[in-house]
Amino acid sequence: MERRGLDAYGYFEREGSLGRIQPEFAPVVAAARERIGEAYGRRLHSAYLYGSLPRGAARPGRSDLDLLLALHHEPGDQDRDTAEVLGRGLGQDFAEIDGVGVLLYGKDRLLSEQERYDLGWFLACLCTPLLGADLAEHLPRYRPDSLLARETNGDLAALLPRWRARAAAAATPEEHRTLGRAFARRLVRTGFTLVMPRWGGWTSDLSESAEIFGSYYPERAAQMRAAAAVALEPVADPAVLHAYTEDLGPWLADEYTARHGTKTPRG
């Protein structure tokens, strides 16, 4: 029987582990662990990997190193500057990765009731412990339901005006590629979580996500499949951004709101 990322009781299993990291990425992960500890010291509560590396799906020279750092306090300017230096150094020293992304949060926010079905779920289900005590021990188990769909991706409608402004300001091929990749990733993940409760499971694979979405919305399947391709192989085409902000994005936002509602506003 297909389990679709769930355990025998229908709860999400944590999708990654340190044991799945491919050997070629072991040095950068070891360096990240050491440098994070040195950079943040007692400010750090715990550190986590997420994305393709802990899933064992990273591509040498093509995949990012994605980190989530939980601090004992809400991050300030010094913490953000430290993250920028940390990420830049790892990116320069290891050709195996194509950049470093660092998410910074205070542990109280990650464990808050308001973030229970967004950042809390993300940490508990999609992040792999790297350093420190695992905050997931203080979070509940999660199922692929409409509440989770609403609180994770139910804010696409609110994002679209900012997307349009960023697309209008983009002037270089590199800017078009960067925005196209970011928008495409978000659209594919939102398309998947739109149908997640009906499909009854989880996947972080973008191509698989697009195929699952397309089985429920065949009239939009080709668009979502194309978006998954752009997410993996970005293109410098302004027309792609226009299609995302004026066609696929607005349709998806309306359909999402109709089926799951909108994400609870954050203070």
Side-chain angles (χ1 to χ4, degrees), residues 1-16 50-52 54-55 57 66 115-127 139-160 163 180-234 240-241 243-266:
M1 180 178 176
E2 188 180 10
R3 291 166 62 179
R4 300 184 175 185
L6 307 179
D7 65 15
Y9 301 98
Y11 293 106
F12 286 116
E13 295 180 315
R14 211 168 202 165
E15 68 170 4
Y50 69 95
S52 59
R55 297 201 312 269
D66 295 311
E115 295 293 348
R116 184 64 46 86
Y117 291 92
D118 189 6
L119 290 176
W121 163 80
F122 175 71
L123 185 148
C125 297
L126 303 188
C127 291
L139 292 164
R141 306 295 306 280
Y142 295 90
R143 297 181 186 272
D145 56 21
S146 185
L147 171 62
L148 185 63
R150 186 189 78 207
E151 291 303 304
T152 52
N153 287 306
D155 57 348
L156 181 58
L159 287 177
L160 286 173
W163 282 17
R181 184 188 190 198
F183 293 178
R185 283 184 170 187
R186 181 59 186 268
L187 289 173
V188 174
R189 297 202 187 285
T190 302
F192 171 71
T193 52
L194 170 65
V195 303
M196 173 187 67
R198 284 183 280 174
W199 187 66
W202 179 263
T203 178
S204 286
D205 183 283
L206 294 175
S207 297
E208 183 181 17
S209 295
E211 294 300 326
I212 293 166
F213 165 87
S215 69
Y216 292 91
Y217 292 93
E219 71 280 10
R220 293 278 179 172
Q223 282 182 295
M224 195 63 76
R225 196 176 296 118
V230 170
L232 295 171
E233 300 288 346
V240 169
L241 302 182
Y244 292 164
T245 59
E246 307 305 324
D247 181 20
L248 182 58
W251 173 85
L252 185 56
D254 289 344
E255 184 68 12
Y256 212 97
T257 298
R259 185 165 288 274
H260 299 302
T262 57
K263 186 173 182 175
T264 304
R266 300 303 194 253

Checklist entry - side-chain contact (heavy atoms from CB on, under 4.5 Å) between L206 and R185: does it pass, once the steps are laid out? => result CA-CA 8 Å; L206 294 175; R185 283 184 170 187; 4.1 Å; yes

Next on the checklist: Working note: V188 + M224, criterion side-chain contact (heavy atoms from CB on, under 4.5 Å); need CA distance, chi angles, decisive distance, verdict.
Outcome noted: CA-CA 6 Å; V188 174; M224 195 63 76; 3.9 Å; yes

Item to check | Trace of the side-chain contact (heavy atoms from CB on, under 4.5 Å) decision for L123 with R14 | outcome: CA-CA 9 Å; L123 185 148; R14 211 168 202 165; 4.1 Å; yes

Item to check | Test log, rule side-chain contact (heavy atoms from CB on, under 4.5 Å), inputs R141 and Y9 | outcome: CA-CA 10 Å; R141 306 295 306 280; Y9 301 98; 6.0 Å; no

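When side chains are defined from C-beta on, T203 does not count as touching R4, because their heavy atoms never get closer than 4.5 Å. Within the 4.5 Å cutoff, side-chain heavy atoms of R220 are placed close to those of F213. L6 places a side-chain heavy atom less than 4.5 Å from the side chain of F12.
The line from CG of L187 to OH of Y244 is 7.0 Å long, rounded to the nearest 0.5 Å. In this structure, H260 NE2 and L194 CG are separated by 5.0 Å, a value rounded to the nearest 0.5 Å. One finds the CG atom of D205 at 10.0 Å from the CZ atom of F192 (value rounded to the nearest 0.5 Å). Rounded to the nearest 0.5 Å, atoms CH2 (W121) and CG (L119) are 10.5 Å apart. From T193, atom OG1 reaches atom CZ of R259 across 12.0 Å, with rounding to the nearest 0.5 Å.
Taking each heavy atom of Y117 and L148 in turn, the nearest pair found is O-CD1, 3.4 Å. Of all the heavy atoms in G200 and P144, the pair that sits closest is C-CG, 3.9 Å. Nearest heavy-atom pair across Q223 and D247 is NE2-OD2, 2.9 Å. In this structure, R116 and L139 approach most closely via the heavy-atom pair NE-CD2, 3.9 Å. When every heavy atom of L159 is checked against every heavy atom of R186, the shortest pair comes out as CD1-NH1, 3.2 Å. Here the shortest heavy-atom pairing between V230 and G180 reads CG1-O, 3.8 Å.
No close placement of the Y142 and W202 rings is indicated, their centers lying 6.0 Å or farther apart. Checked against a 6.0 Å centroid threshold, the rings of F183 and W163 count as neighbours. If you look at Y216 and W199, their ring centroids are not closer than 6.0 Å.
E151 places a side-chain N or O within donor-acceptor distance of the main-chain N or O of T264, the cut-off being under 3.5 Å. A donor-acceptor pair under 3.5 Å is formed between the side chain of R189 and the backbone N or O of S204.
Residues passing the side-chain contact (heavy atoms from CB on, under 4.5 Å) test with D118 are E115, T152, K263, R266, sequence neighbours excluded. Shown here are the salt bridge (charged side-chain N to carboxylate O under 4.0 Å, His left out) partners of D254, two or more places apart in sequence or in another chain: there are none.
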